[in-house]
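Following: one structure in structure tokens, then a few remarks.
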Amino acid sequence: MFVDLQGPWNWFWGRLPLLLQLHYNNPVIGFAFVLAVGGGLVVVAALTYFKLWGWLWREWLTTVDHKKIGVMYIIVGLVMLFRGFFDALMIRTQQAAAVGPDSPGILGATHGYLTPYHMDQVFTAHGTIMILLAVTPMLVGFMNLIMPIQIGARDMAYPFLNAVGLWMTIVAVGLVMASLFIGDFSHAGWVGLTPLTQLAHSPSVGVDYWIWVIQISSIGTTVGAVNLIATILKMRAPGMTLMRMPIFTWTTLGTNIIGLTSFPVLTIALLLLTLDRYVGTHFFTADGGGNFMMYTNLFWIWGHPEVYFVVLPAFGFLSEIVPTFSEKPLFNHNAMIVATMAIAGVSWAVWLHHFFIMGQGPVVNTFFSIATMLVGIPTGVKVFNWAFTMIKGRVRLETPMLWALGSILLLIGGGATGMMLAIPAINYVSHNSVFVVAHFHNMFLIIAFALFGAVSFWWPKVFGFHLDEKLGKIFFWLFWSGSVFVFVPMYALGFLGMTRRLDYIAHPGWWPLLLLEVFGIGLYVASIFAFLLQIVVSIRDRKKNAVVTSDAWHTSRNLEWATHCPPPFYNFAATPVVHSIDEWAWRREHGLTSLKPDHYADIHMPKNTMVPIVLAFFTGVFGFAAVWRVWWLAGFALLGVIGTLIFRMFQKDIDYIVPASEVERIETAYLEKMDDRAQASIHQTGEHGSPATQH
């Protein structure tokens, strides 16, 4: 071995004998195991019973279609969102149950039901999952799903690379789920607090799982960023100039410039940490001549641009939803573009506010304080532009608009608390308190609200029918109420001096506020059931809620609504020519809403491939072997990765031509189906004045 390890190791099994020393008598872990395995078995049984394995393989698992890849990203993100929420539920209930010296303990805990070591793993997993494996995949999913259609492209610039990015994310998800039952997870926080991540302080495999989960997911995010940037710059339809691009496309561009430049920094930081743990270097060990503050710098050089990596797409969602449901153009389109790129630029100059208390001096603190406040200027421009869009508009409070308004209100509150924390004197007092935790979650709730707004907004575009409106509003109000009851008390507890990452609360006076947080978590649980019920009911009533035109909301503005709901695999029968900023609104005003082209032509499309799955298999084996230091297996997997990539390099049959006659047949079937839906809608409602079919 490169370093001395605490516990067993041998050349064949690596550190796997360490599993014999772990105890699986905790009912919490048992419940998680039953839930995960039981859910998996149900899915497998359903696929087998309905004989869907072949369909799943052909249509989804081997696809390079950007729309299907986007949907799979979103599904993976939603699954991990629920997983991360269970961690949050445990954190809130543990803290409410462990207040004061007289609070009882069960399951081996002195207070509450989670031991300190288990609690540390729970909040580490919660942060890592929510940021990197829930929110990020969902946002990347929408970028994949919507952006190419918004710019009039057939697919992504590199369809194969797009599938690789998805499957790298799935590998990371698989590793973090495996850590639940095969070993443990890091207890050093989602940021990897040094020196806790060093081998002497974390001798088990938890930190190793954390490292390889982030490294592999970062590969997926980085290759995805290359692909999305190339698609935007090189695949736009004729007439789609940069300044005509929709704001969501601009936020996608800004986001992925951040991702392409920041994720390599995280990769290097974790590589140096890996060398410390595996080889015995001392980059971050103070007693070995290293400097653990260097890790903190490197992490937050990535970490704060990452905040804008996830916030900017949410701003893009709002910039699509607000004009549609205000029935007027977005106020000052060019200013929104400048504000978007300004936020992306300033995001690189604010990382040090995460450790104002380090003692770097008043000049450095002042610079980063001012830089942090500067972010508020372009963000304020966006808020005012959304408000001016709604002024004198015909605002319709349908479900997507409710989510958008909730997100904007949270942005105002989160921005105000962010400006407070940008002041070094206030930051010094509140640092490491739950006030900071509340602010951080406030910012991520902006993203969550925008995401659910995007789900309800683009659902009919992707699946051809609307989500149930009544259940959608119930879901919104439960989620909004849960957010208020969880995080307003948390802000108050921060003012009262409660610090973060506590498994035991010594101050009994904080108990009522902690109970309010538990009540809020209960509302969140109810909102999850409302969301799942909304999906089930909407699928059941899909014929009744079917979209009868290409424009599901009748006031949509951008190019993604100039194709069918759902779009065909080639997106557009003929490459569109763009005439205006809001191309679909321009066509609607000029009576050019026909989806039938003047003539049909052959279409060039990429072929499905199983190579990304094979690549993901070997990558997953490598990650697992590296965690447990089974070096022969890691070497075999690495050879598999290299061999798979070489095989792909020599593949020639990677695309095909869709003949014009086939395109015409598919388009005719789509148009006939749209006619049938319109006639059925008229027959059901008796409203002969309903919007006509657009052809």
Should the pair [X] and [Y] be assigned to parallel (<30°), tilted (30 to 60°) or perpendicular (>60°) ring geometry?
X      : Y      : result
His187 : Tyr117 : tilted
Trp628 : Phe624 : tilted
Phe476 : Trp480 : parallel

Answer with yes or no after comparing the ring centroid distance for [X] and [Y] against a 6.0 Å cut-off, counting only values under it.
X      : Y      : result
Trp212 : Tyr209 : no
Phe309 : Phe263 : yes
Phe495 : Phe435 : yes
Phe356 : Phe368 : no
Trp190 : Phe123 : no
Tyr491 : Phe487 : no

Do the side chain of [X] and the main chain of [Y] share a donor and acceptor less than 3.5 angstrom apart?
X      : Y      : answer
Ser369 : Ala422 : yes
His282 : Asp276 : no
His111 : Pro104 : no
Trp511 : Ala96  : yes
Ser407 : Trp403 : no
Arg15  : Gly7   : no
Ser202 : Val207 : no
Ser456 : Gly453 : yes
Gln95  : Leu502 : yes
Trp300 : Leu352 : no

Check [X] against [Y] and note the closest heavy-atom contact, atom names and distance.
X      : Y      : result
Val434 : Thr499 : CG1-O, 3.6 Å
Gly183 : Val205 : CA-CG2, 4.3 Å
Ile216 : Gly623 : CD1-CA, 4.2 Å
Ala188 : Thr124 : N-OG1, 3.7 Å
Ser204 : Leu18  : OG-CD2, 4.0 Å
Asp184 : Gly206 : OD1-N, 3.0 Å

query = Does the pair Thr197 and Tyr295 meet the rule for a side-chain contact (heavy atoms from CB on, under 4.5 Å), with working shown?
reply = CA-CA 11 Å; Thr197 48; Tyr295 171 81; 5.6 Å; no
ask   = Out of Leu133, Val171, Asp208, which residue meets the side-chain contact (heavy atoms from CB on, under 4.5 Å) rule with Val213?
value =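 The side-chain contact (heavy atoms from CB on, under 4.5 Å) with Val213 is passed solely by Leu133 among Leu133, Val171, Asp208.
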Side chain to side chain, [X] and [Y], heavy atoms closer than 4.5 Å:
X      : Y      : value
Val437 : Met490 : yes
Ile182 : Leu19  : yes
Leu514 : Met498 : yes
Met177 : Met80  : yes
Phe284 : Asn291 : no
Phe85  : Ile521 : yes
Thr296 : Met293 : yes
Thr417 : Val436 : no

request  = Under the side-chain contact (heavy atoms from CB on, under 4.5 Å) rule, what do Glu517 and Leu493 come out as? Steps first, then yes or no, please.
outcome  = CA-CA 11 Å; Glu517 292 184 15; Leu493 287 167; 3.2 Å; yes
Point-to-point distance, once rounded to the nearest 0.5 Å, from [atom1] of [X] to [atom2] of [Y]:
X      : Y      : atom1 : atom2 : answer
Leu445 : Leu410 : CG    : CG    : 6.0 Å
Leu180 : Leu175 : CG    : CG    : 12.0 Å
Ile91  : Leu114 : CD1   : CG    : 9.0 Å
Ile447 : Leu411 : CD1   : CG    : 10.5 Å
His126 : Arg83  : NE2   : CZ    : 11.0 Å
Arg501 : Asp120 : CZ    : CG    : 9.0 Å

Within a radius of less than 6.0 Å around [atom1] of [X], do more than 12 heavy atoms belonging to other residues, nucleotides or ligands occur?
X      : atom1 : result
Tyr428 : OH    : no
Phe355 : CZ    : yes
Phe531 : CZ    : yes

Do [X] and [Y] have side-chain N/O donor and acceptor atoms under 3.5 Å apart?
X      : Y      : result
Asp503 : Gln94  : no
Trp351 : Asn297 : yes
Ser103 : Tyr504 : no

message = side-chain contact (heavy atoms from CB on, under 4.5 Å) for His353 and Leu421? Distances and angles first, verdict last.
response = CA-CA 8 Å; His353 70 221; Leu421 293 171; over 6 Å; no
task = Kindly indicate, with the supporting measurements, whether the criterion side-chain contact (heavy atoms from CB on, under 4.5 Å) is fulfilled by Gln534 and Val455.
result = CA-CA 12 Å; Gln534 180 191 23; Val455 168; over 6 Å; no
